[in-house]
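When a ligand or atom number is given, it counts from 1 through the structure's own listing order.
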Amino acid sequence: MSTNRTFTMIKPDAVENGHIGAILEKITAAGFKIVAMKYTQLSLRDAQEFYGVHRERPFFGELVEFMTRGPIVSAILEKENAVEDFRALIGATNPADAAEGTIRKMFATSIGENAVHGSDSDENAAIEGAFHFSGREIY
Ligand code: CMP
């Protein structure tokens, strides 16, 4: 995968609260091109594998329960400097610390239910994108 790509999920809280359209609008208005996208629901096994790096953290059970409780939108986004620019667009993990105008400031309710995911490195963007999409689902 190109280093100008990142991976995102609109998480169950934001989907439940009806924010899919507004979040996609913010993403495309910021100059990201959607090169892959699907509306799906993670199984328990999917979520445990996707968040495997957090397995030993005290919030792991809560995280897996939350991420499997309803549908999500997953997508691969393309833009110059995609990983860093997308993390700036979504804001800090904890919405209480997120800057005004960021997606998490606008739509997230807590550190656990924080509306969106954004990859933290080019390497993880490639791993996470490949977890959700086959090559022929990326345009
Ligand atoms: P994200 O960065 O998308 O992926 C890891 C997730 O773990 C993170 O978003 C938060 O939703 C969640 N997380 C991180 N820290 C905590 C915490 N202290 N309590 C609950 N959930 C957390």
For F50 and F7, take the angle between the two ring planes, folded into 0 to 90°, and tell me which bin it lands in: parallel under 30, tilted 30 to 60, perpendicular over 60.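 The rings of F50 and F7 sit tilted, inter-plane angle from 30° to 60°.
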Please enumerate all residues that pass side chain to side chain donor-acceptor pair (under 3.5 Å) together with D120, with sequence neighbours excluded.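 In terms of side chain to side chain donor-acceptor pair (under 3.5 Å), with neighbours along the sequence ignored, D120 is linked to N124.
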Can E137 and H132 be counted as having a side-chain donor-acceptor contact under 3.5 angstrom?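 Side chains of E137 and H132: no pair found under 3.5 Å.
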Ignoring hydrogens and geometry beyond distance, is a side-chain donor-acceptor pair present between K11 and N114 at under 3.5 Å?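 Per modelled atom types, K11 and N114 side chains form a pair under 3.5 Å.
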Is there side-chain contact between L89 and I103, with heavy atoms separated by less than 4.5 Å?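 SC-SC contact between L89 and I103 confirmed.
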Need the list: ligand 1 N/O atoms against protein N/O atoms, distance under 3.5 Å, rounded to one decimal.
from: ligand 1; atom 1: 3 (O); to: K11; atom 2: NZ; distance (Å): 2.9
from: ligand 1; atom 1: 3 (O); to: H117; atom 2: ND1; distance (Å): 2.8
from: ligand 1; atom 1: 9 (O); to: K11; atom 2: NZ; distance (Å): 3.0
from: ligand 1; atom 1: 9 (O); to: N114; atom 2: ND2; distance (Å): 3.3
from: ligand 1; atom 1: 11 (O); to: K11; atom 2: NZ; distance (Å): 3.4
from: ligand 1; atom 1: 11 (O); to: I111; atom 2: O; distance (Å): 3.1
from: ligand 1; atom 1: 11 (O); to: G112; atom 2: O; distance (Å): 3.2
from: ligand 1; atom 1: 11 (O); to: N114; atom 2: OD1; distance (Å): 3.4

Taking 4.0 angstrom as the limit, do R69 and E113 come out as a salt bridge?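 A salt bridge links R69 with E113.
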